[in-house]
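The block underneath contains the structure these notes are about, expressed in structure tokens.
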Amino acid sequence: MDFNDTQDRPSEDNSAAENTAYRGAGAGQKESPYADSPYYSNYQPPRQESQYDAQPSWAEQQKAAESSAHNSQNPTSAKPQKSHGGTGKRIAACTLAAALMVGACGVTAWGVNAHWEKETAAMQQSFQSQIEDLQKQIRKGSGVSGSSVSSDGYLSPSQVYAQNVDSVVAISNQVVANSWGGDTLAPASTGSGFVLTDDGYIISNCHVVEGADKLTVTTYQGEEYEATVIGYDKINDVSLLKVDAEGLQPVTIGSSDELSIGDMVVAIGNPLGELTSTQTVGYVSGKDRSVSTDGSVINMLQTDAAINPGNSGGPLFNMKGEVVGITTAKYSGSTPSGATIEGIGFAIPIDDVLGMIDDFKNYGYLKNQAYLGVKVLNMDPSTAAMYSLPSGAYVQSVNEGSSAEKAGVQPKDIIIGLGEYEVNGNSQLTSALRRFSAGDTTTITVFRAGEKVELSITFDEKPQEPDNAPSETLPGDMPSDGSYDEWYNYFAPYFGEGKNGN
């Protein structure tokens with residue numbers, strides 16, 4: 001390292017004494033600024049193999065200069081130079097000391113180097129492990145582009161679309177309209193659906209096909225088929241259709257129960273009845289949401305994938321390309337404060353409807369679904385707290401001869417549990433019932449007169465009611481006149497206990 005000399009150098013006019021004081025006794029040598037310092041040392045570095053001879057120390061140069069000056073004044077008293085036999089020993093000692101220091105430094109450097117090599121290897125291994133974990137999360141969340149299927153079996157959104165778009169159909173609901181020129185078919189609504197089997201069974205929502213005089217199913221390739229309703233259920237908002245076709249591409253059914261909040265999902269459908277085969281991508285925002293549609297409370301998945309009119313009945317896919325839900329509804333509009341509601345859509349979990357689909361296919365109605373035979377009111381936590389009661393499903397009435405009556409359920413009971421499932425309201429009761437079939441035996445827990453009462457119940461088969469029967473069994477034309485009973489019988493299916501009963 002260079003240091004700047006801060007002393008004032010003498011000018012050329014200075015006396016020889018002053019010049020000598022500045023330059024020191026040795027010719028051409030500068031006096032050490034550390035000559036009088038307590039840190040000054042006579043240590044000599046070890047002799048290096050060099051083409052140059054080692055320079056004498058400053059002290060030796062000082063002594064030699066004095067001797068030279070003395071001899072120049074008394075030439076006859078000059079004495080021969082003594083042999084410095086000790087110099088070689090000093091040099092050897094210094095060389096040995098330097099060698100020991102170099103060796104010690106080498107050992108230290110080797111130890112430090114080995115330590116850092118070990119630390120670096122551990123850091124690299126940890127970093128590589130973190131990268132691999134991140135890649136797995138990315139593959140799980142959004143698929144891996146550039147390959148048909150990732151090592152974990154997950155697809156990218158574009159791959160999910162390419163694999164399944166041929167299985168998604170548009171559904172047009174038409175009704176007969178009276179006009180001056182006679183009866184004509186007029187569009188009533190549009191929706192979506194998906195192919196369950198290659199021979200033409202198609203799943204959709206009940207509200208998509210309800211009241212139709214003609215249903216037309218259009219595939220991604222533009223082929224049109226007239227569809228027949230095999231069975232539907234208003235309370236659960238699900239329907240099964242059939243078209244006369246062969247060789248259709250069916251979807252793969254997955255499991256909604258295996259979904260986690262934050263999992264990526266893909267919706268494909270027919271929004272607005274015009275933007276056919278549209279895909280939207282989002283995440284599972286929530287599970288077990290109690291959503292009221294047309295007076296029925298349905299357990300649903302919540303997603304921020306865009307759901308719009310026309311998407312109803314379409315499939316919701318996981319990133320393996322499997323159907324995990326039926327897109328059904330969305331929140332829209334604004335809050336009382338004026339904030340716009342966005343990104344809140346819902347889908348019926350596919351695990352909740354597979355048993356219903358089997359019933360529709362085999363019987364045309366819900367035959368094996370567990371049925372209690374009660375009419376209930378929702379006892380939500382806030383309402384229950386007002387009366388110091390537990391939350392649950394408050395029993396208004398019990399159907400005569402039903403499984404609930406046989407089990408001992410009474411009006412004014414609050415149902416708080418069904419089997420292993422806790423019941424905090426009507427939606428939880430409906431969701432729990434879907435886990436059982438007709439003929440199953442379990443326990444039903446009710447709160448009665450300040451105590452919990454546990455009863456044994458064997459579920460009945462759900463009776464076939466107008467709400468659950470195929471469309472041809474629904475009432476015909478509205479009577480133009482008639483008795484009170486005729487009018488009552490016409491409207492009863494729409495307002496009877498079957499709609500809200502369990």
For residues [X] and [Y], report the shortest heavy-atom separation together with the two atoms involved.
X	Y	value
Leu418	Ala432	CD2-CB, 4.0 Å
Ile326	Val238	CD1-CG2, 4.2 Å
Pro315	Ile268	CD-O, 3.3 Å

Does a side chain donor of either [X] or [Y] reach within less than 3.5 Å of an acceptor in the other side chain?
X	Y	value
Thr197	Asp199	yes
Gln174	Asp213	no
Ser312	Thr328	no
Asn299	Arg434	no

What's the spacing between [X] [atom1] and [Y] [atom2] if we round to 0.5 Å?
X	Y	atom1	atom2	result
Leu241	Thr228	CG	OG1	8.5 Å
Thr327	Asn311	OG1	CG	5.0 Å
Met300	Leu316	CE	CG	12.0 Å
Gln369	Asp359	CD	CG	8.0 Å
Leu433	Ile235	CG	CD1	10.5 Å
Lys320	Ser255	NZ	OG	10.5 Å

Inset, instruction - Please list, chain by chain and in numerical order, all residues satisfying ring-ring contact (aromatic ring centres under 6.0 Å, His included) with Tyr225, sequence neighbours excluded. - result: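 So Tyr225 forms no ring-ring contact (aromatic ring centres under 6.0 Å, His included) with any residue.
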Inset, instruction - Using the test ring-ring contact (aromatic ring centres under 6.0 Å, His included), find all partners of Tyr363 that sit at least two apart in sequence or belong to another chain. - result: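 If we apply the ring-ring contact (aromatic ring centres under 6.0 Å, His included) test to Tyr363, skipping adjacent residues, there are no hits.
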[Y] backbone acceptor or donor facing [X] side chain under 3.5 Å:
X	Y	answer
Gln163	Val160	no
Asp304	Tyr283	yes
Asn205	Asp237	yes
Ser204	Ser192	yes
Asp440	Phe436	no

For [X], what residues pass the salt bridge (Lys or Arg N to Asp or Glu O under 4.0 Å) criterion, not counting sequence neighbours?
X	result
Glu223	none
Asp352	Arg435
Asp413	Arg448

Show me the donor-acceptor pairs within less than 3.5 Å that the side chains of residues 385-396 make with the rest of the protein, sequence neighbours left out.
none

Legend entry - Cationic tip of Lys361 above Tyr201 ring, under 6.0 Å, 45° of axis: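 Geometry flag: set, cation within 6.0 Å and 45°.
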Inset, instruction - Compute the ring centroids of Phe346 and Tyr331, then answer whether they are less than 6.0 Å apart. - result: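 Close enough - the centres of the two rings lie under 6.0 Å apart.
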Inset, instruction - Evaluate the side-chain proximity of Ser167 to Tyr220: yes if any heavy-atom separation is below 4.5 Å, no if none is. - result: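 The answer is no, as the side chains (C-beta and beyond) never meet within the 4.5 Å cut-off.
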